Amino acid sequence: MEARDPELKKELDATLHARRELGEEYDSALVESFLGKVEERIDATVDRRVRRQVAEQRMTAARAPDRQQSTDTFGERFGFGIVTMILAVPLSAIGVANAGLAGLVVTWLGIVGVNVAHAAHAWPWQQRRSRDTGSDWS
């Protein structure tokens, strides 16, 4: 018999040695004593594993995306606005060249729409709703 726990193997050997010395009338007491020691070892192992698993769950919960701070910074919004304004010039020219005033209006409605959509993810009620749905697209 190869035991994983050498101390438990020593306890079993001691119990078997005591049984030989004391006789069969002490069998139940010796078995109960040994089983009590085995139960203590199992409880300690299970307790250690449960503590480790709870600690891992707490670490995972602490790193969860729900608890992350807002990544929307002024620099991100400002940069996005600058990029859309730079792109607005050639897009406006293309819109006017192809459709006149109507093309210019449609181009600027698109630019405004893109900026509003980008800013919408920073609105507090939008963040709350995206967290409540549990969507991966937020």
Side-chain angles (χ1 to χ4, degrees):
M1 173 183 162
E2 187 173 324
R4 289 184 180 181
D5 190 354
E7 290 183 34
L8 200 56
K9 186 175 187 315
K10 288 178 186 175
E11 290 289 336
L12 178 60
D13 290 340
T15 302
L16 291 175
H17 183 70
R19 180 185 180 267
R20 280 187 226 119
E21 287 182 7
L22 296 175
E24 291 184 14
E25 59 267 3
Y26 291 100
D27 275 355
S28 63
L30 291 171
V31 168
E32 284 182 29
S33 171
F34 179 72
L35 288 179
K37 292 173 186 175
V38 169
E39 186 177 342
E40 287 175 9
R41 295 289 171 130
I42 291 172
D43 287 344
T45 303
V46 169
D47 191 37
R48 189 173 50 248
R49 288 181 183 171
V50 167
R51 271 194 247 121
R52 184 181 316 133
Q53 189 173 22
V54 167
E56 288 173 0
Q57 288 174 349
R58 286 182 181 168
M59 294 267 299
T60 303
R63 294 178 181 167
D66 291 345
R67 298 185 56 106
Q68 74 181 5
Q69 295 179 353
S70 175
T71 58
D72 183 36
T73 62
F74 173 75
E76 179 186 345
R77 291 180 303 208
F78 184 72
F80 190 79
I82 293 295
V83 168
T84 56
M85 289 296 105
I86 291 171
L87 293 175
V89 173
L91 290 175
S92 297
I94 293 169
V96 168
N98 288 326
L101 184 61
L104 182 65
V105 170
V106 169
T107 301
W108 278 96
L109 285 175
I111 292 168
V112 169
V114 166
N115 279 292
V116 167
H118 181 264
H121 80 278
W123 295 338
W125 59 85
Q126 184 69 19
Q127 289 177 347
R128 215 175 309 122
R129 187 171 62 193
S130 68
R131 256 187 272 131
D132 293 343
T133 61
S135 173
D136 291 339
W137 294 96
S138 58

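What you see is a predicted model; the values in this text were computed from it and never measured. All values below come from the heavy atoms of this structure, side chains included, with hydrogens, waters and symmetry mates left out.
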Exercise. For residues M85 and I111, determine if any side-chain heavy atom of one lies less than 4.5 Å from a side-chain heavy atom of the other.
Key: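 Yes, at least one pair of side-chain atoms sits under 4.5 Å.
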
Quiz item: Any side-chain heavy atom of D13 within less than 4.5 Å of one from H17?
Solution: no

Quiz item: Is there a donor-acceptor pair closer than 3.5 Å between any side-chain N or O of T15 and the backbone N or O of E11?
Solution: yes

Self-check item: Main-chain N/O of D43 paired to D47 side chain as donor or acceptor, under 3.5 Å
Solution: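 Checking the backbone N and O of D43 against the side chain of D47, no donor-acceptor pair under 3.5 Å is found.
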
Nearest 0.5 angstrom please: [X] [atom1] to [Y] [atom2], how far?
{"X": "S33", "Y": "K37", "atom1": "OG", "atom2": "NZ", "value": "4.0 Å"}
{"X": "E25", "Y": "R19", "atom1": "CD", "atom2": "CZ", "value": "10.0 Å"}
{"X": "L104", "Y": "N98", "atom1": "CG", "atom2": "CG", "value": "12.0 Å"}

Quiz item: Around Q53, counting heavy atoms of other residues, nucleotides and ligands shown, do more than 12 lie under 6.0 Å from its CD?
Solution: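 Not buried by this count: 12 neighbours or fewer within 6.0 Å.
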
Practice problem: Give a yes or no on this: more than 12 heavy atoms of other residues, nucleotides or ligands lie within 6.0 Å of atom CZ of F80. | Solution: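 Counting neighbours around CZ of F80, more than 12 heavy atoms of other residues, nucleotides or ligands fall under 6.0 Å, so yes.
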
Does [X] share a hydrophobic cluster with [Y], counting links as ILVMFWY side-chain heavy atoms below 4.5 Å and allowing steps through other members?
{"X": "W108", "Y": "I86", "value": "no"}
{"X": "V46", "Y": "V54", "value": "yes"}
{"X": "L8", "Y": "L30", "value": "no"}
{"X": "L101", "Y": "I94", "value": "no"}
{"X": "F34", "Y": "L16", "value": "yes"}

Practice problem: Write down the atom of N115, the atom of G81, and the distance for their closest heavy-atom approach. | Solution: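 Looks like OD1-CA, 4.1 Å.
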
